[in-house]
Amino acid sequence: MVRTVPITQTRNIGIMAHIDAGKTTTTERILYYTGVSRTMGEVHEGTAAMDWMEQEQERGISITAAATTCFWRDHRINIIDTPGHVDFTIEVERCLRVLDGAVAVFCAVAGVEAQSETVWRQADRYGVARIAFINKCDRLGADPARCVTQLRDRVGAHPVVVQIPMGLEDDFVGVVDLVRMRALEWAGDVTGAAFEEGDIPAEFLAEAKAARNTMIEALSELDDTILSLYVNGAEVSAERVRAALRAATIAGKAVPVLLGAAFKNKGVQPLLDAVVDYLPSPAEMPAVVGRGPNGEQVVRRPAEDEPFSALAFKIMNDSVNGHLTYFRVYSGCVESGAAVYNSTRSKREKIGRLMRMHANRREEVKEVSCGNIAAALGLRATATGDTICDGQAPLMLDLMDFPAPAMSVAIEPKTQVQQEKLTTSLQRLALEDPSFGVSTDADTGQTLISGMGELHLEILVDRLVREFRVDATVGKPQVAYRETIGRRGESEVKFVQPIGGRGQYGHVRICVEPGATGKGVSFESRASAAAVPKEFVAAVERGARSVLSRGIVAGYPLGDVKVTLLDGSHHQIDSTEMAFQIATWQAVTEALQQAGPLLLEPIMSLDLVAPDEFAGAVIGNLASRRGRVLGMESRGSVQAITAEVPLATMFGYSTEIRSLTQGRATFTLQFLRYAPVPTQVSESIMNRIRGT
């Protein structure tokens with residue numbers, strides 16, 4: 001039976017972190033203690049409920065965001081467990097777009113790692129309130145205090161420590177709750193379901209008093225009532241602390257910090273209490289703002305008496321019903337079988353069935369109310385980022401931005417019979433994953449699939465074989481190069497030629513120059529209407545963009561280029577759009593040759609952790625890959641190395657680094673920027689393309 005819970009007692013949260021910080025393990029304990037699961041799933045055993053895909057169970061990592069719902073202290077908590085690997089960071093991005101709060105999990109040994117910083121910035125972008133959970137306090141080398149310092153220094157957070165550990169590493173038995181000044185100890189019950197609450201042991205009392213004073217000082221800067229009590233030396237009650245900390249957390253001015261060891265079943269229940277106490281309900285979130293049919297601003301309050309509006313944030317393939325559409329309701333409510341309007345695509349849709357998801361298990365519901373997250377069957381035209389709403393009161397919410405793929409491979413079916421099946425399967429995967437691209441090479445006719453990295457493409461190909469039963473051959477990974485220009489170039493072309501029995505006339509003077517970084521191609525016309533009439537300016541722009549879609553260095557798309565139509569002329573009778581387009585093709589090509597064309601390659605940010613004795617070998621290997629070491633930090637017996645390295649040199653790196661370090665190194669790669677390819681390397685790339 002579906003439990004009815006007021007919107008004020010609902011929490012929409014994500015679990016986010018760097019890979020292997022313990023996100024999924026923490027989520028599994030949450031499900032066990034809230035009664036959703038009868039047993040605790042383990043990631044390393046492939047039994048975690050939230051890692052339901054075969055690929056996740058085999059690799060021991062989260063690949064897709066999994067949603068579930070649990071109840072704690074009469075509150076409904078909608079949870080999304082997100083991946084930690086950088087290749088699947090798009091999953092984190094689209095989930096944070098619809099969440100109100102998040103639990104950021106950190107390893108007490110490794111601290112704030114690379115992907116932790118990435119997901120933290122993503123949460124900043126969407127204004128998501130956060131709690132920090134420092135996990136693995138039982139591990140050798142655990143140092144929660146260092147992790148708190150890194151939170152402040154690396155991501156600019158304002159951590160407020162509300163727990164201190166009772167022991168660390170093998171001696172970690174529990175925490176001191178600084179809000180209530182009580183000791184919580186997990187002993188005896190191996191499941192961690194039962195724990196003892198009592199007075200603070202004498203050996204931790206002085207530290208606890210000092211830590212509580214630090215906590216009150218931090219809150220006094222954010223809350224006038226606590227400031228007054230603190231200045232006057234009065235006792236600050238637990239209720240007052242919780243109220244101040246809740247307000248500061250929701251406002252993004254503070255991050256409560258809790259401790260635990262999820263794998264050892266310690267510290268998870270207080271984390272659930274903190275989710276209820278400090279993270280916002282949908283009713284406490286600002287009203288969403290969208291655009292109406294005429295571009296006017298439309299505001300929707302998070303209330304059930306408002307017209308229905310929701311954002312589709314994830315599509316999941318369903319072998320029987322086509323696909324499931326995950327959505328977050330921002331206002332109003334929707335019933336099973338209801339007709340809705342997709343304002344992004346201007347199409348009417350009908351919801352077949354509504355589901356509350358528990359990873360890959362489903363619980364059918366009749367209605368989804370304001371503030372909740374659910375999935376729908378039957379939305380055929382809806383894609384990730386689309387707005388669905390009441391057709392009588394339409395609005396469109398802000399679209400979601402997705403990064404461009406950085407790597408491609410050629411793929412073809414082993415038999416002609418499989419061709420149609422491959423095409424259909426790729427279309428379904430592209431609908432499900434916005435960071436996955438499918439294209440056709442104009443020269444070879446090959447089908448190319450593009451993704452965020454080697455692992456991303458490997459998983460997608462594996463899914464093609466297992467889920468879609470497509471037998472395909474995959475080529476070697478190819479880097480998604482780009483082209484640009486280094487200076488200004490200008491050309492003037494007058495195209496005069498009879499075509500099809502009539503004259504053709506088009507005359508343009510074009511300049512190309514470097515544009516703003518990351519802004520792609522921009523076009524501007526400075527020609528007067530007398531010289532180039534308005535109807536021909538559009539043809540000029542089409543011609544320019546056509547040339548820039550395939551560069552003149554090696555045929556890769558050009559980016560960060562500004563094209564300006566300076567002047568031109570037209571003939572009253574003979575000028576046509578085709579003539580202006582041809583003139584533009586020639587002029588832009590000539591201008592690009594003058595503008596110092598450059599080949600660009602993706603540069604990746606590498607964060608690597610390796611034992612001290614292997615640091616020299618690792619750095620030497622990076623140098624051989626054109627890598628540039630930016631810094632090293634000692635973390636006990638390991639070295640944390642940050643570097644920049646071209647993606648083109650990193651294929652097969654995971655195998656080689658395991659061999660170099662006896663399997664003891666870990667690393668993450670993340671796209672950083674595009675940079676010019678060195679001349680010698682550029683020549684070899686062009687020779688390879690030409691087949692010489």
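These values consider heavy atoms only, across backbone and side chains, with no hydrogens, waters or symmetry-generated copies.
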Locate the shortest heavy-atom distance separating [X] from [Y]; write the atom from each residue and the value.
X      : Y      : result
Val5   : Thr10  : CG1-OG1, 4.2 Å
Ala393 : Arg300 : O-NH2, 2.5 Å
Leu258 : Pro270 : CD2-O, 3.7 Å
Thr82  : Cys95  : CG2-CB, 4.3 Å

I'd like to know if Arg130 and Asp124 make a salt bridge, using a cut-off of under 4.0 Å between side-chain N and carboxylate O.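 Looking at Asp124 together with Arg130, the answer is yes, because their closest N to O distance falls below 4.0 Å.
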For [X], salt bridge (charged side-chain N to carboxylate O under 4.0 Å, His left out) partners two or more places apart:
X      : value
Asp177 : Arg180
Asp607 : none
Asp471 : Lys414

Of all pairs that satisfy salt bridge (Lys or Arg N to Asp or Glu O under 4.0 Å), the ones with a partner from residues 245-260, not counting sequence neighbours: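 For residues 245-260: Arg246-Glu284.
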Qualifying salt bridge (Lys or Arg N to Asp or Glu O under 4.0 Å) pairs, either residue in residues 325-340, two or more places apart: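 Sorted result for residues 325-340: Asp100-Arg328.
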Does [X] have any side chain to side chain contact (heavy atoms under 4.5 Å, CB included) partners at least two apart in sequence or in another chain, and if so, which?
X      : answer
Ala338 : Val334
Ala247 : none
Ala376 : Phe327, Ile351, Leu354, Leu379
Lys264 : Asp138, Ala261, Lys266

Worked verdict on Thr8 versus Ser281 for side-chain hydrogen bond (donor to acceptor under 3.5 Å, both in side chains): CA-CA 5 Å; Thr8 54; Ser281 73; over 6 Å; no
Name every donor-acceptor pair, under 3.5 Å, that has one atom in a side chain of residues 104-111 and the other anywhere in the protein, sequence neighbours excluded.
none

Close side-chain approach of [X] and [Y], heavy atoms under 4.5 Å:
X      : Y      : result
Cys370 : Glu306 : no
Arg11  : Leu272 : no
Ile7   : Ser369 : no

Can you check whether [Y]'s main-chain N or O pairs, donor with acceptor, with [X]'s side chain at less than 3.5 Å?
X      : Y      : value
Gln297 : Val289 : no
Asn78  : Ala67  : no
Asp386 : Thr344 : no

Who pairs with Trp120 by ring-ring contact (aromatic ring centres under 6.0 Å, His included), at least two apart in sequence or on another chain?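 Trp120: no ring-ring contact (aromatic ring centres under 6.0 Å, His included) contacts found.
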Using ring-ring contact (aromatic ring centres under 6.0 Å, His included) as the criterion, list what pairs up with Phe195, not counting sequence neighbours.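 Phe195 satisfies ring-ring contact (aromatic ring centres under 6.0 Å, His included) with Trp186 once adjacent residues are dropped.
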Could you state the interatomic distance from CD1 (Ile80) to CE (Met357), rounded to the nearest 0.5 Å?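 Output value for this atom pair is 11.5 Å.
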For Arg154, is the CZ atom crowded, meaning more than 12 foreign heavy atoms sit under 6.0 Å from it?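 Enclosed.
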Quick one: do Tyr126 and Glu93 satisfy side-chain hydrogen bond (donor to acceptor under 3.5 Å, both in side chains)? Show the steps, please. CA-CA 9 Å; Tyr126 295 116; Glu93 179 86 18; 2.7 Å; yes
Given side-chain hydrogen bond (donor to acceptor under 3.5 Å, both in side chains), test His323 with Glu432 step by step and report yes or no. CA-CA 8 Å; His323 59 255; Glu432 183 177 325; over 6 Å; no
